[in-house]
Q: 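Submitted below is the structure of interest, expressed as structure tokens.
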2 protein chains.
Amino acid sequence: MSNDLFERLPLGRSLSLLAKTYFGALTKKLEHLEVERYYSILIFIEESGKGCSQQYICDHLKIDKVSMVRILDYLIKKKFIKKVQNPKDRREYFIELTPKAEKTMPEIHREIKNLNDVAFKGLSREKQKEFYRNMCLIYDNVETLPAHKIFVNYKKANKEKK
Amino acid sequence: MSNDLFERLPLGRSLSLLAKTYFGALTKKLEHLEVERYYSILIFIEESGKGCSQQYICDHLKIDKVSMVRILDYLIKKKFIKKVQNPKDRREYFIELTPKAEKTMPEIHREIKNLNDVAFKGLSREKQKEFYRNMCLIYDNVETLPAHKIFVNYKKANKEKK
DNA sequence: AAATAATAGTTCGCAATGCGAACTATTCGT
DNA sequence: ACGAATAGTTCGCATTGCGAACTATTATTT
């Protein structure tokens, strides 16, 4: 990939190209698992502990709640997660990993680590940290843009005349 | 955004979160234009000169050719591009910007620059360059994974039993 | 206390994307 | 000359995002 192209495109497209390539490789590495996607959601649930509502996942991973329902339905069908109603607020459901998922998580973490080792080859541990810090910085810079409700118009439906 | 979350998720998800946020902000900034997306494709066409076939765009931006047909139909409908059959190989169509698009490109570049200035706030010009170089490095590292045909299984259709 | 707001989650419908597959037109390879 | 390969199109289906309408529950207002 020419460095040039990445700099010429809008940053979002370059990041998206990179994300897509990584995601493709990870999906390939983990295709032997029963669950073939949503690893990031499983990881998020795993690391959030027990008090993790659907809305909480949506907010942090920027996934809309309708998609979340569908994704969780899929993961429930695969018996990787379960919903537990919060007795303190019965509108909420806490999402938890099942023992079956718990048993699979190490394999997921292992393959992610393997892939990251390949991805970051040529970068020192310190440079990797810096890369993450910079992603985070850019994220915060863009997300806190004052007057832009950035998700409202993301992929908005085209309701114009044909 | 806690740096922590970015490091805990698969890299692809972190990059995707960032891309999504950036894309949302850019779309908002440019929503007054007649064309409300595909800026990266317009830029790619612009910078590729005249000899730019559909397949060429697909290869470089990793967009499948079916989607490309739909996208170009949209851009043609908006009178932003035109197709010119290659007389040397009549299977091919060269994609070119129309004068109408040419007139719009400066505005697109301006807003991208404005957004990038915000996004990279806190990073020196040299650090920005380094960030791009690292994206490129990671891309090359992941893309050249020997045995993984990474796009084949990307978002593959779920053909399992319900 | 009753009425109203707000919140968590679900369901429906539509638009956009990715991709497998089948297709046409054209060019390449032997 | 014939079969393989390539550029592009069309069809069909799965996934995602999101607006909208809905239920159930909780919080706030009056």
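Every value quoted in this text rests on a predicted model; they were computed, and no experiment measured them. Reminder, nothing fancy here: chain letters follow the sequence lines and each chain counts from 1.
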Q: Reckon A/Lys20 has a side-chain N or O less than 4.0 Å from the OP1 or OP2 of C/dT17?
A: no

Q: A/Asp73 has an atom CG; how far is it from atom C1' of C/dC12, in whole Å?
A: 14 Å

Q: Once you round it to whole Å, what is the distance between C1' of C/dA8 and CE of A/Met68?
A: 13 Å

Q: Can you tell me how far C1' of C/dG18 sits from CD of A/Glu36, to the nearest Å?
A: 14 Å

Q: Is there, by distance only and without an angle test, a donor paired with an acceptor across the side chain of B/Arg90 and the base of D/dG8 below 3.5 Å?
A: no

Q: Using atom types as modelled and distance alone, determine if a side-chain donor or acceptor of A/Glu36 lies under 3.5 Å from a backbone N or O of A/Thr27.
A: no

Q: Could a donor-acceptor pair under 3.5 angstrom be found where the side chain of A/Arg91 meets the base of C/dT7?
A: yes

Q: Identify which nucleotide among C/dA16, D/dG8, D/dC18 has an atom closest to any side-chain atom of B/Gln54, counting heavy atoms from C-beta outward.
A: D/dG8

Q: Counting only side-chain heavy atoms from C-beta out, which of D/dC18, C/dA21, C/dT26 sits nearest to A/Asp64?
A: D/dC18

Q: Would you indicate which nucleotide in D/dG17, D/dG8, C/dC19 comes nearest to any side-chain atom of B/Ser53?
A: D/dG8

Q: For the side chain of B/Val69, counting heavy atoms from C-beta on, which of D/dG8, C/dC19, C/dG9 is nearest?
A: D/dG8

Q: Is the shortest distance from a Lys or Arg side-chain nitrogen in A/Glu34 or A/Lys79 to a carboxylate oxygen in the other one below 4.0 Å?
A: no

Q: For the side chain of A/Lys100 and the backbone of A/Lys78, is there at least one donor-acceptor N/O pair under 3.5 Å apart?
A: yes

Q: Parallel, tilted or perpendicular for B/Tyr139 and A/Phe6, by the 30°/60° rule?
A: perpendicular

Q: Could you work out which one of C/dT27, D/dT16, C/dG9 sits closest to the side chain of B/Asp89?
A: C/dT27

Q: CG of A/Asn86 versus P of D/dA24: gap in Å, rounded?
A: 19 Å

Q: Is B/Ser67 close enough to C/dG18 that one of its side-chain N or O atoms is under 4.0 Å from OP1 or OP2 there?
A: yes

Q: Under a 3.5 Å cut-off for both contacts, is D/dG17 paired Watson-Crick or G-U wobble with anything, and if yes, with which nucleotide?
A: C/dC14

Q: When the distance from CZ of A/Phe94 to P of D/dT25 is rounded to whole Å, what number comes out?
A: 16 Å

Q: Check the chi torsion on C/dA15 and let me know: syn if it falls within 90° of 0, anti if not.
A: anti

Q: Nearest-Å distance, CD (A/Gln55) to C1' (D/dT26)?
A: 15 Å

Q: Could you check which of C/dT17, C/dG9, D/dT16 has an atom nearest any side-chain atom of A/Lys65?
A: C/dG9

Q: Base, sugar-phosphate or nothing for A/Tyr38? Non-hydrogen atoms, less than 4.0 Å.
A: sugar-phosphate

Q: Can you classify the ring geometry of A/Phe131 versus A/Phe120 as parallel (below 30°), tilted (30 to 60°) or perpendicular (above 60°)?
A: perpendicular

Q: Would a line drawn from the ring center of A/Phe80 to the ring center of A/Tyr38 be shorter than 6.0 Å?
A: no

Q: Rounded to whole angstrom units, what separation is found between the CZ atom of A/Arg37 and the C1' atom of C/dG18?
A: 10 Å

Q: Quick one: B/Lys83 NZ to D/dG8 C1', roughly how many Å, whole number?
A: 7 Å

Q: Does B/Gln85 put a side-chain nitrogen or oxygen below 4.0 Å from OP1 or OP2 of D/dA7?
A: no

Q: I want to check one thing: is the phosphate of C/dC19, taken as OP1 and OP2, less than 4.0 Å away from some side-chain N or O of B/Lys62?
A: no

